[in-house]
Asker: 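Take a look at the following structure, please.
Note that the numbering runs from 1 along the sequence shown for the chain. Given the structure is predicted, the values throughout are model-derived calculations rather than measurements. All heavy atoms count here, side chains included; hydrogens, waters and symmetry mates do not.
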Amino acid sequence: MIASGPPPNRLLRMLDAADFDLVRPHLITIELVRETVLGEAGAALRHVYFPHAGTVSITVGLSEGQTIEVAMLGRDSIVGGGAALADGIAASDAVVLFPGTASMLEITAFRTIAASSAPFRSLMIRHEQALLARAQQSLLCNTLHPVEARLARWLLRARDLSDSETLPLTQETLAQMMGVRRNAISLVAHALQRAGIIRYTRGQIVITDLRALEATACDCYAAVKAHDARLLERPR
């Protein structure tokens, strides 16, 4: 069970006190260890996760053996909520990208709470709508926009979730997440570094000019934030 006080996950904070009291006794705080698999496509889920810190990458596999990220989840999200509301089978892989902590909830308890609390169930459904909007925007972005704009958008999302300008990333990881060749990432990263927007060393990217990075990103970054605000703001 998590300690008293405001929960560190945004979705949990959006619950009224009565609904959060239904959830609190079942939450277990765990460490999110980098590269830990929280869900595997086609496999049954046992838990859902409400991240406090760190990020989880939701990826799908391609027939050629590649993987591509369709969403990055953090403290504003739940991992596995959609599958838990449906048949309990994960539709995609969920892997810890940046380490942190999370509240873990057994899927049976999650379903019981969702069945007994309409506000909880509604919030989880709205989150899945927001997640679908993120995935659709990511598909559009990957299809239409140049790698430089896509990389800037990705780094901004990672920065928003980590609250840090320093991101522990390799070019191999970025290439895998974005579904592009490593040399494309290398060329763009070097260009951004020459422009003074980022500083790159092996295994680490530091955002040195946030405003310039925002100007470099495509409109998809703002579009996703607008979707989230519409779907995930506390109802009045």
Asker: Cluster partners of L139, using ILVMFWY side-chain heavy atoms under 4.5 angstrom, listed by chain and number?
Answerer: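 For L139, no cluster forms, as it stays isolated from other hydrophobic side chains.
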Asker: Which residues pass the side-chain contact (heavy atoms from CB on, under 4.5 Å) test with A71, not counting sequence neighbours?
Answerer: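 side-chain contact (heavy atoms from CB on, under 4.5 Å) list for A71, sorted by chain: I58, L73, L131.
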Asker: Does any N or O in the side chain of R153 come within less than 3.5 Å of the main-chain N or O of Y221, such that one atom is a donor and the other an acceptor?
Answerer: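 No, the answer is negative, given that no donor and acceptor are paired below the 3.5 Å cut-off.
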Asker: How long is the gap from CZ on R24 to OG on S103, to the nearest 0.5 Å?
Answerer: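 Going from the CZ atom of R24 to the OG atom of S103 covers 10.0 Å.
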Asker: Can you list the residues that meet the side-chain hydrogen bond (donor to acceptor under 3.5 Å, both in side chains) rule with E214, with sequence neighbours excluded?
Answerer: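 E214 satisfies side-chain hydrogen bond (donor to acceptor under 3.5 Å, both in side chains) with R211 once adjacent residues are dropped.
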Asker: Run the salt bridge (Lys or Arg N to Asp or Glu O under 4.0 Å) test against E165 and tell me which residues pass, sequence neighbours left out.
Answerer: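 R159.
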Asker: Would you mind reporting whether L32 and L38 have side-chain heavy atoms less than 4.5 Å apart?
Answerer: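 Touching, per the 4.5 Å side-chain cut-off.
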Asker: With sequence neighbours excluded, tell me which residues meet side-chain hydrogen bond (donor to acceptor under 3.5 Å, both in side chains) with T55.
Answerer: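 T55 satisfies side-chain hydrogen bond (donor to acceptor under 3.5 Å, both in side chains) with no other residue.
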Asker: Return each pair, listed once, that meets ring-ring contact (aromatic ring centres under 6.0 Å, His included) where at least one residue sits in residues 101-144; pairs must be two or more places apart or across chains.
Answerer: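 Passing the test, one end in residues 101-144: F110-F120.
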Asker: Under 3.5 Å, side-chain donor or acceptor atoms of residues 77-92 against the rest of the protein: list the pairs with distances, not counting sequence neighbours.
Answerer:
from, atom 1, to, atom 2, distance (Å)
S77, OG, R134, NH1, 3.2
D87, OD1, I89, N, 3.0

Asker: Atom CD of E128 and atom CG of L231: how far apart are they, to the nearest 0.5 Å?
Answerer: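 Rounded to the nearest 0.5 Å, the CD-CG separation comes to 11.0 Å.
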Asker: Any side-chain donor paired with an acceptor under 3.5 Å for Q176 and T67?
Answerer: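 Result is yes, a qualifying pair exists.
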Asker: Using side-chain heavy atoms (C-beta onward) and a distance below 4.5 Å, is C141 in contact with C218?
Answerer: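 With C-beta onward as the side chain, the pair touches.
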Asker: Salt bridge or not for D76 and K225, using N-O below 4.0 Å?
Answerer: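 Salt bridge flag = no for K225 with D76.
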Asker: Is there a continuous path of hydrophobic side-chain contacts, each under 4.5 Å between heavy atoms, that joins I107 to I113?
Answerer: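 Different clusters.
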Asker: Rounded to the nearest 0.5 Å, how far apart are CD of E148 and CG of L151?
Answerer: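 Separation between the atoms: 8.5 Å.
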Asker: Would you call R126 and M14 a side-chain contact if the rule is heavy atoms closer than 4.5 Å?
Answerer: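 Answer yes - side chains close enough.
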Asker: Of all the heavy-atom pairs spanning L167 and S162, show the shortest one and how long it is.
Answerer: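 For L167 and S162, the tightest heavy-atom pair comes out as CD2-OG, 3.4 Å.
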Asker: Which atom pair, heavy atoms only, marks the closest approach of E31 to G100?
Answerer: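 Minimum heavy-atom separation between E31 and G100: OE1-O, 3.4 Å.
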Asker: Which residue pairs satisfy the side-chain hydrogen bond (donor to acceptor under 3.5 Å, both in side chains) criterion with at least one member in residues 106-122, sequence neighbours excluded?
Answerer: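 Listed by first then second residue: D19-S117.
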Asker: Quick one: do L161 and I30 end up in the same hydrophobic cluster if we chain Ile, Leu, Val, Met, Phe, Trp and Tyr together by side-chain heavy atoms under 4.5 Å apart?
Answerer: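 Different clusters: L161 never reaches I30 through Ile, Leu, Val, Met, Phe, Trp or Tyr contacts under 4.5 Å.
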Asker: Between A158 and M72, what is the shortest heavy-atom contact and its length?
Answerer: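 So the two residues come closest at CA-SD, 3.7 Å.
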Asker: Where do L45 and G39 come nearest, in terms of heavy atoms and distance?
Answerer: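 The pair with the smallest heavy-atom distance is CD2-CA, 4.0 Å.
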Asker: Side-chain heavy atoms nearer than 4.5 Å, only ILVMFWY residues, links allowed to pass through others: does that put I198 and L210 together?
Answerer: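 Yes.
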Asker: Ignoring hydrogens, what is the shortest heavy-atom contact between P51 and N9? Give both atom names and the distance.
Answerer: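 Looking at all heavy atoms of both residues, the closest pair is O-ND2, 2.8 Å.
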Asker: Are L213 and W154 linked, directly or through intermediate hydrophobic residues, by side-chain heavy-atom contacts shorter than 4.5 Å (ILVMFWY only)?
Answerer: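 Shared cluster, yes.
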Asker: Taking only residues two or more places apart in sequence, or in another chain, which ones meet R150 in a salt bridge (Lys or Arg N to Asp or Glu O under 4.0 Å)?
Answerer: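 R150: no salt bridge (Lys or Arg N to Asp or Glu O under 4.0 Å) contacts found.
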Asker: Roughly how far, to the nearest 0.5 Å, is the CZ atom of F98 from the OG1 atom of T173?
Answerer: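 Output value for this atom pair is 8.5 Å.
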Asker: Got a list of side-chain donor-acceptor pairs under 3.5 Å for residues 178-197, not counting sequence neighbours?
Answerer:
from, atom 1, to, atom 2, distance (Å)
R182, NE, E172, OE2, 3.0
H190, ND1, S186, O, 3.0
Q193, OE1, Y200, N, 2.5

Asker: L97 and E69: which non-hydrogen atoms are nearest, and at how many Å?
Answerer: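 Minimum heavy-atom contact is CD2-OE2, 4.5 Å.
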Asker: Can you sort out the partners of R75 under salt bridge (Lys or Arg N to Asp or Glu O under 4.0 Å), two or more places apart, ordered by chain and number?
Answerer: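 D163.
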Asker: Measuring from atom CZ of F50 to atom CZ of R10, what distance do you get when rounded to the nearest 0.5 angstrom?
Answerer: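 The CZ atom of F50 sits 14.0 Å away from the CZ atom of R10.
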Asker: Linking Ile, Leu, Val, Met, Phe, Trp and Tyr by side-chain heavy atoms under 4.5 Å, what else ends up with V33?
Answerer: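 None, because no other hydrophobic side chain comes under 4.5 Å of this residue.
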Asker: Look at the side-chain heavy atoms of Ile, Leu, Val, Met, Phe, Trp and Tyr, link any pair under 4.5 Å apart, and say whether V95 and V56 land in one connected group.
Answerer: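 No, no single cluster joins them.
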Asker: Go through the steps for M177 and L169 under the test side-chain contact (heavy atoms from CB on, under 4.5 Å), then give the verdict.
Answerer: CA-CA 11 Å; M177 294 299 99; L169 288 165; over 6 Å; no
